[in-house]
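To keep things clear, I will list the structure first and then write my remarks on it.
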Amino acid sequence: MGCDSAKRVFIPHVKRNTFHSNPFLLAGYLNVFPVKSFTSTPFHLYPPVPKWIAIHLVISPVKEVEKRADSDPVKPVYVGEFPEEVRDAQAGFLQKSAPGEPGISGGIDKETSLSWIICGNRLSVWSYLSSASRNCVILELPSSFSEEGDINAPSNHDNVWMVCFVNWSGKSGSAENVAKKFDSVGVVACNQKSKAVVYWPDIYSESRKSVASGHPQPGRMGRNTNSAESVYFNSLIASPVPVSINVCVAIASSSDGTLWQFHCTPSGIHRKEISTAFTTLSNHNIESSKSQVGRGYPKSLLWRFRLFTPEEFHREFFLLTDTEIQCFRISLSSDIIVAKLWSQEIIGTDSDLGIKKDLAGQKRIWPLDMQVDERGKELTILVATFCKDRVSSSSYTQYFLLVMQYKSGLNYFSDNTESIHERVLEKKAPIQVIIPKARVEDENFLFSMRLRVGGKPSGSTIILSGDGTATVSHYWRNSTRLYQFDLPWDAGKVLDTSVFPSTEDSEEGAWVVLTEKAGVWAIPEKAVLLGGVEPPERSLSRKGSSNGRAVEEEKRNLSFGGNVAPRRASSEAWDVGERQRAVSTTIARRAAQDEESEALLGRLFQDFLLSGQVNDSFGKLQNCGAFEKDDEANIFARTSKSIVDTLAKHWTTTRGAEIVAMAVVSSQLLDKQQKHQKFLQFLAFSKCHEELLSKQRCSLQTIMEHGEKLAGIIQLREFQNTHSQNRLNAPNSPYPDSRHEKVGSLWDLIQLVGEKARRSAVLLMDRDNAEVFYSKVSELEEVFNCICHHLQGIIRTEELFAVQVQQACEISDACTTIIYAAIQYRNERHTWYPSPEGLTPWYCQLVVRNGLWCVASFMLQLLRETADLKVKSNLYSHLEGLTDVLLEAYTGAITAKLERGEEHEGLSDEYWRRRDELLDSLYQQVKAFVEESCQNSIKDTEEPKEVLKKFSMNLLSLAKRHEGYLTLWNICCDLDDTSLLRNLMHESVGPNKGFSYFVFKQLYLNRQFSKLLRLGEEFPEELAIFLRQYKDLMWLHEIFLDQFASASETLHALALSQGHNDLSSEQGPDPDNLKLEHSLADRRRLLNLSKIAAMAGSNRVFEAKIERIEADLKILKLQDEIIRLVSDVEERPDIGQSLLPPGELIRLCLKGNTPELSLLAFDVFAWTSSSFRRSNKGLLEECWKYAANQDEWGKLYEASEMQGWSDEKTLETLRNTVLFQASSRCYGPEAETYEGGFDEALPLRQENVELSILKDPASSVEGILMQLRNFPEAGKLMLTAVMLGKLGVQAEVEADGPRMSMD
């Protein structure tokens, strides 16, 4: 036995029953016996088996299969079978084909999620995301092309066709387009051997006419026409040409180093070689480059960015050569131009560039394939090296991945026409070794390998080999793990792999696999994580190897016995023997304690179902830590979820059956409800409910919400039954095919939600969409999420208006049915629920509110677009119920936020805005109904107000529940029903001050003051709260309440209110309180009313209050006089009826600079307050300086000296000075002030004048005067004047006294 049949890397050439007889054949790819193999593809979840592949099945009995399928998480998941047309074509092709002839070609397009298979001369295209039995397009290949070929082409190219899809719509197969279909797609197919190209401009058009281009002309076969090796195409890409209709350009790379361009139009295909202007092979070593011609290079053409928009006119694509990565730019204009942007060596002497060559033991390096990530930033290259062990002299192949990324800070644009000569790429991470030592393969086998990136787990890759195997490589925890796709029967080769479009744009999808015979399968992320094994480290010899030591080692491994699992095993060991996996237990998603607790709970619950006894279940569960986690991680919540999400085994018979047996669905849902109720009884009898109620409210809330959702989906199922029956019986249905059960927006919504659930959990991919929808009960919120994001796909605007209305009403009824059922469930079982403080019900979550609002806003739009009364009435009745549940959702969310102490202003504003918009729109429709009804009424038996009252009762109740005060007000006003208004004011007391506050505000804004005050007599407290910010009416209500002291305060504040100003202080009242403009006369009247109210109150402080009012009256009078005097001196200031504060009045006096105004400034100071005088001491100092400057003191002094004034003359003269009058006004015996005298703020003289002046020159009037320019000469006269002013009338008798004291 030689090693020629030794197992190749990635290819399990073994029979399944051989493994069962000897499990140790699995250890490290070590099968050295020549065994005829099934080309297999490591998974065992079995789909419903089509008859056409029954002859290939080697499986255990069905019951065992189902049992294993439900329990093993590392198996693949069945997605769908082939369309019937494909199965027929395969069967005919297999019967006619002879051994050695080219096999079946196939693949998956990632952008459009279209899969394709070529059998003979038929190309079949279908979407693997939808039913295989629908939308399968059959395209005929020209018979001459399908028969062409080159028998000298490498044998590994059995998959001789390459296919590219051209998406004319510009949409991608991402999550946002899950509900949409591609309606315009072109196809470019190329035969690798013959290089023939076929083009279908639009496969979904009725004609599906193809345009073909045959073999290149003689002499244009390539640069290596004399080579013994055949030249073939190895890579193909295509792109639409903007602006043009159904025109695309395709580029193919040839193994002889050339690039070919195909300009594809509906009229023909133009072929052109485009690599003559630049080299596509490395030129660092001419001999090495020549050796690669005809041997696979260049290859791996791929666009830098997969998605393409019609606005783009430039694209970049990559090309992999034997040592380089090259980047080209193609101009997609009328003249298609291809130019090389840059090239970078990845295999050279510098390890920082990528791969270092010429290492010891390294003989040859092959870059095999390359892929780019979605962002166009990272390039992953699959590389193989041929090495020789210098110790054992054995040869082996090493496979690894090289990841390069664009250098940070590199700036260039895609429309740049100049080549880039600097390094563009850098190594992102160290090389990731996949297989350190594998069998040596020939070059043809190596070149057949393909690489795929982008699936789950994040960072994983798939390697495809030419003979049909697929292996997932995942680098995890500093080691590489391999997971090999495998089925237990002959599924044929793996034709291609791709990635499921993710439901979230930011996430990767699961791996999807297209097999040759068994349809489409998916690889769950969990399968890769749990089932991955470490690669073998032993040397695998090639044919003819003389490495005897390796052979002996293999024999010893084969004869190894006992119960010890191999140290490293292939993925086939998952289904063999004791199923011992070389996987760390830390991979498990949940802790062992959680698993144990959940298993114990399951056993105890099953015992309860059988016996009705709990048997100290609470103690057992408490001891195992079942109550330690809260919320969804709690094992009780997880068990509840598993009950409501149970997936029935036999709802569908085949994946092609699109509709579930609905009677079975209803029965299964009722069984779930009964079992969930039993689970609640178990919790109650075992005392677990009490523990959850007191300590784990979130978990208990989750459990009860599972019951709510189950009740909601049961009612939805009944609604669907009733609605379908009504539609079938409807004589004039707007649906063109209403006899078909699978129509309507609800059916589309069910399909959409089920499809999204299938795509987010590949374990469900073998189930029907409707089955998944009615099974994933715990994810009922997804109904509203899909409505929010895909309403335009569910209700299409291109449909007839009547169809849109019916679809909108159908979705609205579905939403309200679900939520009403959940609320009813909660109300009936409210004693089971935990205290609701801070807990948000599921139907109050953001996703639910957004979904409801999308439907409501769409129905509002329909209401505005139609004038048909019947249509409006239909929309109104549905929108009314939808509004109710939407507003209930908002109030529940706001209440929970308030209870948790979270910020809620934004949510409240959104709630109020949407509530008012909906209720106002509904009321406008009610008024339109009333108007139409009155116009069409033959007999005026009813008054319009009576008709309005009858039509608006439901809306009135709805508005009252949700505090729609504007709607309530409008209804009451239109009905002119004061009694109804008063009743609503008594009943509606909400968090925003209630309906009474809103009514008072409307009356105030409408200036209906008398009605407001009369209504306030019935609601005195509510009106008092409202009038706090409306002082102009507050005093009237206070007098009505006999609150005279408060009324006096209100009137006083109202009289002094003017902006931010106040007569008695620099700070005024709140500007919101100022609703009316008062004149000075009005203010005097208000002050007098305040004085009367204070006297009527007669409390302890009313006398002080009256004094303050009188002082303010005097200041008002002073303002009149000051304004009159100022206008005589200069232009009258434009102050209108504004009330000037005391400080501005004083400054206005100083600005006038007249004796009269200077004295009035002291009068203003006198009637303010002591605090004002103290705080404005500097302004008082200016007043004294202005008063002193009103007289010519220098001249007075000269006259007194020259004329020798007597005391009488001096006294008479000084009495006429402003200083004398100011001193008499402020300090004289008849001086009048409010709240203390001027001495408290500024004394006339200080005892120790010299010391006081040194400390503060303005500490007294005397100190202020000493600072004046004339004081050295006339100081005695100035001081005599102020001292005589203080004496007042006594100055005439005691004239000598003061005069002598100044000497």
Side-chain angles (χ1 to χ4, degrees), residues 179 716 719-720 723 726-727 730 733-735 743-750 752-753 783-820 843 846-890 910-930 932 951-952 954-959 961-962 964 966-967:
L716 180 65
F719 167 75
Q720 186 187 8
H723 192 74
N726 293 340
R727 188 170 57 245
S733 173
Y735 290 103
V743 296
S745 54
L746 178 57
W747 176 260
D748 293 339
L749 177 61
I750 290 172
L752 179 63
V753 178
V783 170
F784 303 93
N785 188 32
C786 287
I787 289 175
C788 180
H789 291 90
H790 306 293
L791 185 63
Q792 292 182 351
I794 300 171
I795 306 175
R796 289 170 285 278
T797 54
E798 62 269 16
E799 296 282 358
L800 296 174
F801 188 81
V803 175
Q804 295 183 47
V805 170
Q806 185 162 345
Q807 289 176 338
C809 294
E810 189 175 340
I811 295 298
S812 173
D813 282 345
C815 295
T816 54
T817 297
I818 291 172
I819 296 181
Y820 279 146
Y843 50 81
L846 175 63
V847 62
V848 179
R849 300 197 307 269
N850 287 345
L852 293 172
W853 172 248
C854 284
V855 181
S857 58
F858 183 78
M859 297 179 76
L860 286 176
Q861 179 183 345
L862 294 177
L863 272 173
R864 299 186 188 103
E865 293 176 358
T866 183
D868 191 324
L869 189 62
K870 292 183 178 179
V871 174
K872 283 191 173 185
S873 178
N874 187 26
L875 285 169
Y876 174 87
S877 61
H878 289 84
L879 183 57
E880 193 175 54
L882 187 65
T883 300
D884 190 17
V885 296
L886 175 60
L887 298 183
E888 285 289 345
Y890 269 105
E910 181 180 279
Y911 165 58
W912 296 330
R913 184 176 63 254
R914 292 181 173 179
R915 177 201 61 195
D916 293 343
E917 180 180 354
L918 287 169
L919 294 179
D920 182 64
S921 298
L922 290 173
Y923 184 57
Q924 295 305 318
Q925 297 307 316
V926 167
K927 293 172 68 175
F929 296 153
V930 173
E932 187 74 17
F951 274 94
S952 61
N954 289 337
L955 182 59
L956 186 73
S957 175
L958 178 62
R961 284 199 307 275
H962 298 290
L966 180 59
T967 302

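Along the sequence shown, residues are numbered consecutively beginning with 1.
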Partners passing side-chain contact (heavy atoms from CB on, under 4.5 Å) against A808 (at least two apart in sequence or in another chain) = I795, F858, M859, L862

Nearest-0.5 Å distance that lies between atom CG in N850 and atom CG in N785 = 9.0 Å

Would you check if there is a donor-acceptor pair between the side chains of Q861 and E865 at a distance under 3.5 Å?
-> yes

Does C815 reach the side chain of L882, with side-chain heavy atoms less than 4.5 Å apart?
-> yes

E910: partners by side-chain contact (heavy atoms from CB on, under 4.5 Å), with sequence neighbours left out | Y890, L907, R913, R914

Interatomic distance, CG@L860 vs CG@L918, rounded to 0.5 Å, equals 5.5 Å

Could you tell me which residues satisfy salt bridge (charged side-chain N to carboxylate O under 4.0 Å, His left out) with D813, sequence neighbours excluded, listed by chain and number?
-> none

Go through D884 and T816 one step at a time and tell me if the side chain to side chain contact (heavy atoms under 4.5 Å, CB included) criterion holds.
-> CA-CA 9 Å; D884 190 17; T816 54; over 6 Å; no

Looking at side-chain heavy atoms only, is the closest gap between I818 and Y843 below 4.5 Å?
-> no

Sequence neighbours excluded, the answer for salt bridge (charged side-chain N to carboxylate O under 4.0 Å, His left out) partners of E917 is R864

After noting the C-alpha distance and the side-chain angles of W747 and Q720, does the key distance pass the side chain to side chain contact (heavy atoms under 4.5 Å, CB included) rule?
-> CA-CA 8 Å; W747 176 260; Q720 186 187 8; 3.6 Å; yes

For side chain to side chain contact (heavy atoms under 4.5 Å, CB included), just list the numbers for L879 and L922, CA-CA rounded to whole Å, side-chain angles, deciding distance to a tenth of an Å, and then say yes or no.
-> CA-CA 8 Å; L879 183 57; L922 290 173; 3.8 Å; yes

So, do R796 and V803 sit near enough that their side-chain heavy atoms are less than 4.5 Å apart?
-> no

Could you check if a side-chain atom of H962 sits within less than 4.5 angstrom of a side-chain atom of Y911, using non-hydrogen atoms only?
-> yes

Measuring from C786:SG to L749:CG, what's the distance to the nearest 0.5 Å?
-> 7.0 Å

If you look only at distance, which donor and acceptor atoms sit under 3.5 Å apart when one is on a side chain in residues 867-876 and the other is two or more places apart or in another chain?
| residue | atom | partner | partner atom | Å |
| --- | --- | --- | --- | --- |
| D868 | OD1 | K870 | N | 2.9 |
| N874 | OD1 | H878 | ND1 | 3.2 |
| Y876 | OH | E880 | OE2 | 3.0 |

Hits for ring-ring contact (aromatic ring centres under 6.0 Å, His included) against F719, two or more places apart or cross-chain, chain-then-number order -> H723

Which value, rounded to the nearest 0.5 Å, describes the distance between H789 atom NE2 and L752 atom CG?
-> 11.5 Å

Shortest non-hydrogen contact between V848 and F784, atoms and distance = CA-CB, 3.7 Å

What residues form a side-chain contact (heavy atoms from CB on, under 4.5 Å) with L956, not counting sequence neighbours?
-> M953, L968, I971, L980, L984

Minimum-distance pair of heavy atoms, taken over all atoms of L746 and A814 = CD1-CB, 3.9 Å

Apply the test salt bridge (Lys or Arg N to Asp or Glu O under 4.0 Å) to residues R915 and D920: give CA-CA distance (whole Å), side-chain angles for both, the deciding distance (0.1 Å), then the verdict.
-> CA-CA 8 Å; R915 177 201 61 195; D920 182 64; over 6 Å; no

Any donor-acceptor pair under 3.5 Å from Q804 side chain to T797 backbone = yes

Could you give the distance from CD (E799) to OG (S745), rounded to the nearest 0.5 Å?
-> 10.5 Å

Distance, nearest 0.5 Å, that separates CG of L958 from OG1 of T967 = 8.5 Å

